[in-house]
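First comes the structure, then the notes that go with it.
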Amino acid sequence: MQANKRLSLIVPVYYEEEVLPLAYPRMKAAMEKTGYDFEIIFVNDGSRDGTMKILRGIAKADRRVKVLSFSRNFGHQLAVTAGMDQAAGDALIIIDADLQDPPELIPDMVKLWEQGADIVYGKRKKREGETFFKKFTAACYYRLLTSMSAYPIPLDTGDFRLIGRNVADVFLRMREHGRFLRGMSAWMGFESVPIEYIRHERAAGKTKYTLKKMLKFALDGITGFSTKPLTLPLAFGGVVTGLSLLGFLAVLICACTVGAAAWLWGLCGVCLLQGVVLLCLGVHGAYLGRIFEESKGRPLYIVAEALNTDFASEEEK
Ligand code: UDP
Ligand code: MG
């Protein structure tokens, strides 16, 4: 057993009665293989099936298992957040309950953490047993998100990851409501190392991410991580205004030489007005984006290491 260090495994669960009896033994075996003392935190995200009955049984038999049960469904990202709030480990590992992320990878993730990585994120080199629609939309979405985000979010990654205590402490300071954990992780920086794996088919049961939930999650990702859509009218407005002014110039030249129909003036006027309206919208968007960023109340900076100084974070001061 590794001296004094402890690991926390965080597992969000939502209607997973079919998968839990398969998942828990594999998770426990993987955690034991690391050689560290550990806890497994299951967060029941408002399931009303037999999930809690199974979790009560597991917790009774194994004191290392902690269970939090939500009063209703708050969503996967908040279930993981509750697990992080509760975790006491020096490293936290986040894993889905459905065994799509293989628990057997955990000892290797822990080794990379021992070698100095602050974040070890699972990178899917292949996705098995998922529909073409899901794979296609996921591939397009992650690429769109990366192009929109100011902080590159690694492609084809999910929330299956290990984070060190230093990273977990920053997560605890970020209390924004619209949570998109993989993006928050990208924003933080730190030494991040990928670990490739094949994402298997669900061990049992069906996906709990309905199309509606997926769309909300996708929108949360974009709106939570980029204010670009808000300032898009600024670019459009600039182009439309510029073109209309050129149009005016062209019509003026025509009017002085071969003559120009009156409706051309009207057309240019309407386009110019539209351009100005778009510009104004973009300016509003730019301010709104600033308010949005401020409202998150994120730390202003994150110190990863401090030498020869009694560094105290902003909150401690
Ligand atoms: N989950 C959750 N709350 C939800 C939806 C899902 O806690 O509202 C859990 C679910 O039990 C699983 C993980 O989040 O452990 C990922 O969900 P799922 O496997 O259904 O998503 P997919 O892998 O199909 O994207
Ligand atoms: Mg899944």
Side-chain angles (χ1 to χ4, degrees), residues 8-28 30 40-55 58 65-87 92-106 121-142 145 153 155-161 177-183 197-221:
S8 304
L9 183 69
I10 298 166
V11 195
V13 276
Y14 185 54
Y15 286 89
E16 299 289 12
E17 61 181 1
E18 287 166 84
V19 96
L20 276 175
L22 309 168
Y24 165 65
R26 274 178 61 185
M27 289 174 182
K28 185 173 76 154
I40 303 181
I41 304 171
F42 287 102
V43 185
N44 171 30
D45 185 14
S47 324
R48 297 269 178 259
D49 61 346
T51 295
M52 262 321 275
K53 192 167 170 241
I54 297 169
L55 289 179
I58 298 174
V65 171
K66 318 258 159 81
V67 179
L68 296 176
S69 186
F70 282 172
S71 56
R72 64 163 170 87
N73 180 238
F74 281 88
H76 172 239
Q77 301 287 292
L78 291 175
V80 173
T81 303
M84 286 185 183
D85 290 346
Q86 185 63 33
L92 281 52
I93 302 133
I94 297 140
I95 193 166
D96 283 355
D98 59 1
L99 297 172
Q100 283 199 282
D101 310 322
E104 291 71 25
L105 213 66
I106 294 172
Y121 60 91
K123 189 166 164 59
R124 304 151 180 180
K125 64 175 175 191
K126 202 168 155 216
R127 298 167 78 119
E128 285 177 348
E130 285 180 313
T131 58
F132 170 77
F133 176 74
K134 173 120 189 184
K135 282 192 230 179
F136 179 72
T137 48
C140 294
Y141 174 68
Y142 285 120
L145 189 63
I153 301 171
L155 289 175
D156 305 320
T157 62
D159 290 324
F160 180 36
R161 62 187 58 219
H177 283 242
R179 297 179 84 76
F180 187 66
L181 299 172
R182 62 199 76 164
Y197 73 105
I198 296 174
R199 188 158 158 95
H200 297 290
E201 214 173 320
R202 238 180 188 276
K206 285 199 200 87
T207 176
K208 305 300 174 306
Y209 262 100
T210 54
L211 189 63
K212 198 171 142 203
K213 270 192 180 165
M214 280 291 279
L215 286 175
K216 186 187 171 301
F217 182 60
L219 206 65
D220 268 357

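In listed order, ligands and their atoms are each counted from 1. Only a predicted model underlies this, so the values are computations on that prediction, with no experimental measurement involved.
Counting backbone and side-chain atoms alike, Thr207 contributes no N/O/S atom closer than 2.8 Å to the Mg ion (ligand 2). For Asp98, the nearest N, O or S atom to the Mg ion (ligand 2) falls under 2.8 Å.
Considering only non-hydrogen atoms, atom 25 (O) of ligand 1 lies nearest to Lys134 out of Gln100, Lys134, Gln77. Of the listed residues (Lys208, Glu16, His76, Arg199), the one carrying the non-hydrogen atom nearest atom 12 (C) of ligand 1 is Glu16. Looking at Val19, Asp45, Thr207 and measuring to atom 3 (N) of ligand 1, the nearest heavy atom belongs to Asp45.
Scanning all protein heavy atoms for the shortest distance to atom 18 (P) of ligand 1 gives Arg202 NH2, 3.6 Å. The protein heavy atom nearest to atom 1 (N) of ligand 1 is Tyr14 CB, 3.6 Å. Ranking the protein heavy atoms by distance from atom 8 (O) of ligand 1 puts Lys213 NZ, 2.7 Å first. When hydrogens are left out, the protein atom nearest atom 17 (O) of ligand 1 is Tyr209 CD1, 3.8 Å; that is the closest non-hydrogen contact.
Aromatic rings from His76 and Tyr209 are positioned such that their centres are separated by under 6.0 Å.
Ligand 1 has a nitrogen or oxygen under 3.5 angstrom from a nitrogen or oxygen of Ala97. At least one N or O atom of Pro12, backbone or side chain, sits closer than 3.5 Å to an N or O atom of ligand 1.
At least one test fails for Arg72 against the ring of Phe70: distance under 6.0 Å to the centre or angle within 45° of the axis.
In this structure, Phe180 and Phe217 have tilted ring planes: the angle between them lies in the 30° to 60° band.
Under 4.0 Å is where a charged nitrogen must lie from a carboxylate oxygen, and between Arg202 and Glu16 at least one such pair does.
With Asp98 contributing its side chain and Ala203 its backbone, the two residues share no donor-acceptor pair below 3.5 Å. A donor-acceptor pair is defined here as one N or O able to donate and one able to accept, closer than 3.5 Å; such a pair exists between the side chain of Gln100 and the backbone of His200. Under a 3.5 Å cut-off, the side chain of Tyr141 and the backbone N or O of Ala218 do form a donor-acceptor pair.
Taking every heavy atom of Asp98 and a limit of under 4.0 angstrom, the matching atoms of ligand 1 come to 19 (O), 23 (O). Remark: ligand 1 atoms within the under-4.0 Å shell around heavy atoms of Asp96 are 13 (C), 15 (O), 16 (C). Interface of Asn73 with ligand 1, defined as ligand atoms under 4.0 Å from a residue heavy atom, comprises 3 (N), 4 (C), 8 (O).
Contact record, Leu155 with Lys123: O-NZ, 3.1 Å, taken as the closest heavy-atom pair.
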Apply side-chain contact (heavy atoms from CB on, under 4.5 Å) to the pair Asp159 and Asp96, showing each step before the final yes or no.
CA-CA 8 Å; Asp159 290 324; Asp96 283 355; 5.6 Å; no
